[in-house]
Amino acid sequence: RRSYAGVDFGFSWRGLVVGALVFGAWMADAAWLGLSADEPTALTALPPGLRGAWIGCRLVAAVVTVPLAEELAYRGYLLRRLSTAHFESAPFSAARWPALALSAVAFGVVHGRFWIAGIIAGLAYGGLAMRTNKLGESVAAHATTNALIAAEVLLFHHWPLW
């Protein structure tokens, strides 16, 4: 945990723009997959209060917890670890394209049927961290993507995205 004290969690407009662009790639992937828009039966069967609580928890997890945890894992650790054994002291800018590509593929694979969009996201978030030397930029981009996906799910009932 001490090694993360030196990680820059600051962000700018770049993270927000990259997050919006990744959202576009995610929607294109979803369209290509031809997913239905049906709400999950188990969610529909819940009483309104529990349904609302589940959606609220899912929203907070998607926009806060998941971006922070995944960026610490895939960019904060894996991207830098693939670049050097002494990753704790390595700046993001020291990472090279093989580390970026491998960490992006690993990120994509854990996103299941959205593996193509996941690889694109991994490349974008990792490239952003490498360019700005700030993990906060990739966290902001990831949170933006997930917030836009959540809006798509909740406003347009595109449930398979969750």
Side-chain angles (χ1 to χ4, degrees), residues 9 11-82 92 95 97-132 134-162:
F9 285 100
F11 65 93
S12 68
W13 59 271
R14 288 178 190 91
L16 306 177
V17 170
V18 168
L21 292 172
V22 170
F23 168 73
W26 212 275
M27 293 301 97
D29 194 17
W32 182 72
L33 289 170
L35 303 174
S36 69
D38 297 334
E39 185 172 357
T41 307
L43 185 59
T44 305
L46 288 176
L50 283 177
R51 184 175 183 271
W54 184 90
I55 290 171
C57 288
R58 181 67 173 94
L59 183 61
V60 169
V63 178
V64 178
T65 310
V66 169
L68 186 57
E70 287 186 345
E71 292 310 309
L72 284 170
Y74 290 95
R75 264 56 73 186
Y77 172 74
L78 187 59
L79 174 67
R80 296 186 304 161
R81 181 65 178 95
L82 291 170
F92 294 99
W97 73 266
L100 176 61
L102 287 172
S103 65
V105 168
F107 186 73
V109 167
V110 301
H111 285 84
R113 64 181 165 201
F114 293 105
W115 65 272
I116 293 172
I119 291 172
I120 292 168
L123 290 169
Y125 302 156
L128 185 61
M130 289 166 59
R131 179 170 172 80
T132 64
K134 294 180 181 181
L135 187 64
E137 291 285 8
S138 58
V139 172
H142 198 149
T144 299
T145 301
N146 286 6
L148 291 170
I149 290 171
E152 175 76 19
V153 168
L154 297 174
L155 295 174
F156 303 108
H157 306 285
H158 207 166
W159 292 97
L161 293 172
W162 269 3

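The basis for the numbers below is simple: all heavy atoms, side chains too, and nothing from hydrogens, waters or symmetry mates. Residues take their numbers from the sequence shown, with the count starting at 1.
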Exercise. Is Phe9 close to Leu135 at the side-chain level, that is, under 4.5 Å between some pair of heavy atoms?
Worked result: yes
Seminar exercise, completed: In terms of heavy-atom contacts, Arg75 and Ser103 come closest through NH1-O, 4.5 Å
For this session: Taking Glu71 for its side chain and Gly76 for its backbone only, find out whether a donor-acceptor pair lies under 3.5 Å.
Result: no
Seminar exercise, completed: Those residues at least two apart in sequence (or on a different chain) that pass side chain to side chain contact (heavy atoms under 4.5 Å, CB included) with Leu100 are Leu79, Leu123, Met130
For this session: May I ask you to decide if Ala129's main-chain N or O and Glu137's side chain share a donor-acceptor pair within less than 3.5 Å?
Result: no
For this session: Under the side chain to side chain donor-acceptor pair (under 3.5 Å) rule, collect the residues that match up with Arg113, sequence neighbours excluded.
Result: none
Problem set entry | Contact summary for Ala62 and Pro67, nearest pair of heavy atoms | O-CD, 3.1 Å
Problem set entry | salt bridge (charged side-chain N to carboxylate O under 4.0 Å, His left out) partners of residues 144-162, not counting sequence neighbours, each pair once | none
Problem set entry | 4.5 Å side-chain heavy-atom contact, Phe92 and Lys134 | no
Exercise. Restricting to pairs with a member in residues 119-130, which pass salt bridge (charged side-chain N to carboxylate O under 4.0 Å, His left out), not counting sequence neighbours?
Worked result: none
For this session: Only counting residues at least two apart or in another chain, list the ones meeting side chain to side chain contact (heavy atoms under 4.5 Å, CB included) with Thr144.
Result: Leu16, Leu148
For this session: Using a 4.5 Å cut-off on heavy atoms from C-beta on, say whether the side chain of Leu154 contacts that of Trp162.
Result: yes
For this session: Using side chain to side chain contact (heavy atoms under 4.5 Å, CB included) as the criterion, list what pairs up with Leu102, not counting sequence neighbours.
Result: Leu82
Problem set entry | Listed partners of Thr145 passing side chain to side chain donor-acceptor pair (under 3.5 Å), at least two apart | Tyr125
Exercise. Tell me the side-chain hydrogen bond (donor to acceptor under 3.5 Å, both in side chains) pairs involving residues 16-34, sequence neighbours left out?
Worked result: none
Distance-only donor-acceptor hits, side chain of residues 48-58, under 3.5 Å, sequence neighbours excluded:
from	atom 1	to	atom 2	distance (Å)
Arg51	NE	Glu39	OE2	2.9
Arg51	NH2	Glu39	OE1	3.1
Arg51	NH2	Glu39	OE2	2.4

For this session: Rounded to the nearest 0.5 Å, what's the gap from CE on Met27 to CD1 on Ile149? Could you check?
Result: 5.0 Å
For this session: Mind checking side chain to side chain contact (heavy atoms under 4.5 Å, CB included) for Tyr74 and listing every partner two or more places apart, or none if nothing turns up?
Result: Glu70, Leu78, Ala106, Phe107, Val110
For this session: Go through the structure and list residues passing ring-ring contact (aromatic ring centres under 6.0 Å, His included) with Phe23, not counting sequence neighbours.
Result: none
Seminar exercise, completed: Closest non-hydrogen contact found for His142 with Val66 is NE2-CG1, 4.2 Å
